[in-house]
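Report on one structure; see the data block that follows.
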Amino acid sequence: MRTLKSERYIMTRKLLVAGNWKLNGSIAMTNDLISAITNGLSDSNRFDVALFPPFVYLPQASKLVGSKIVLGAQTVSEHAKGAFTGEVSAAMLKEVGCQMVLVGHSERREYFNESNQDIAKKFQVAQAQGLKPILCCGETLEQRESGVTEQVVAQQINAVIDLVGIGAFADAVIAYEPIWAIGTGVTASSEQAQEVHAFIRTLLSLKSDTIAPLVPILYGGSVKGSNAKELFSMQDIDGGLIGGASLTANDFLAICQQADKLS
Ligand code: PEP
């Protein structure tokens, strides 16, 4: 169990609690949820909060978020403009107030056939427009059981490093999300998560010793108020990417409170 919270400060890694709404929301919910979260957050600024509503609510959310919450999108087109029906570019996201974007969420990989190379391009175009990417990675249950978790995660991350270089990770976040823990209620134990987070940091350090300690690595997969403290206390877990529990202000704030206490 990690107890040295000062270490994270020395490395300048602030905890980040990020809420991915996925395909959920409405105009009313956007108003209510963002207002309730804003009111429930302390002014401490010791940890960061980011929300990722669906595209259509981003302009509305942008007016509501204020200084305590950073706004992000759930995906981005790898193209800048042109005949790509249904796509949204990084410049468009920036224009409506986004500062971050998720790339490579496992649902995008699985349901929209996004390859490691597609995701690397999305990472690149996002950064070119000044958006901070959160690169999601993680293995299926079958892959974990066959002992290839590290191999899978390394391929997912190395595909991005190969395109943009390790330097680009100085302004990026990684989210480790074991697919078997997403939306299932089954959370990786803090030790299981820490093991992969430490592996990811070692992987980065093979390319750059100076960048590796700076990169925030979030854990995602059934994070709740009741398990956030244990997870976020681990040495290489720098916060969480939250799905289900980000849709209710009280649930999300309960996770934020744990981050605040550990900061
Ligand atoms: C996610 O989809 O990124 C996620 C972590 O979902 P949940 O918290 O619901 O498991």
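Atoms within each ligand, like the ligands themselves, are counted from 1 in listed order.
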Of the options I69, T248, N250, which is the one that meets I37 in a side chain to side chain contact (heavy atoms under 4.5 Å, CB included)?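 Considering I69, T248, N250, a side chain to side chain contact (heavy atoms under 4.5 Å, CB included) with I37 is found only for I69.
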
Below 4.0 Å, non-hydrogen atoms only: which portion of S246 touches ligand 1? Side chain, backbone, both or neither.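 Contact part for S246 vs ligand 1: neither.
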
Identify the protein heavy atom lying closest to [atom], giving its residue, its atom name and the separation to 0.1 Å.
atom: atom 2 (O) of ligand 1; value: K22 NZ, 2.5 Å
atom: atom 1 (C) of ligand 1; value: H105 NE2, 3.3 Å
atom: atom 3 (O) of ligand 1; value: E177 OE2, 2.6 Å

Using side-chain heavy atoms (C-beta onward) and a distance below 4.5 Å, is T149 in contact with Y176?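 Result yes, sub-4.5 Å side-chain heavy-atom pair found.
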
Identify whether the distance between the nearest side-chain nitrogen and carboxylate oxygen of D43 and K68 falls below 4.0 Å.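 Looking at K68 together with D43, the answer is yes, because their closest N to O distance falls below 4.0 Å.
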
Ion pair check, R109 and E114, cut-off under 4.0 Å: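 So R109 does not pair with E114 through a salt bridge.
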
Apart from I134 itself, what residues make up its hydrophobic cluster when side-chain heavy atoms of I, L, V, M, F, W and Y under 4.5 Å apart count as a link, directly or indirectly?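 For the cluster that includes I134, the remaining residues are L16, F52, V70, M100, L102, V173, L218, L241.
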
Any donor-acceptor pair under 3.5 Å linking the side chain of Y219 with the backbone of A188?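 Present.
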
Would you tabulate the side-chain donor-acceptor contacts of residues 55-65 under 3.5 Å, counting partners in other chains and residues two or more places apart, or write 'none'?
{"residue": "Q60", "atom": "NE2", "partner": "I27", "partner atom": "O", "Å": "2.9"}
{"residue": "Q60", "atom": "NE2", "partner": "N31", "partner atom": "OD1", "Å": "3.4"}
{"residue": "S62", "atom": "OG", "partner": "V96", "partner atom": "O", "Å": "3.2"}

Under 4.0 Å from any heavy atom of [X], which atoms of ligand 1 are there?
X: G183; answer: 7 (P), 9 (O), 10 (O)
X: G221; answer: 5 (C), 10 (O)
X: A181; answer: 10 (O)
X: I182; answer: 1 (C), 2 (O), 4 (C), 6 (O), 10 (O)

Side chain or backbone, does [X] bring an N or O within less than 3.5 Å of an N or O on ligand 1?
X: T184; answer: no
X: G244; answer: yes
X: G243; answer: yes
X: A245; answer: no

Assess whether atom NZ of K224 is packed by more than 12 heavy atoms of other residues, nucleotides or ligands within 6.0 Å.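 Yes, the 6.0 Å shell around NZ holds more than 12 heavy atoms from other groups.
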
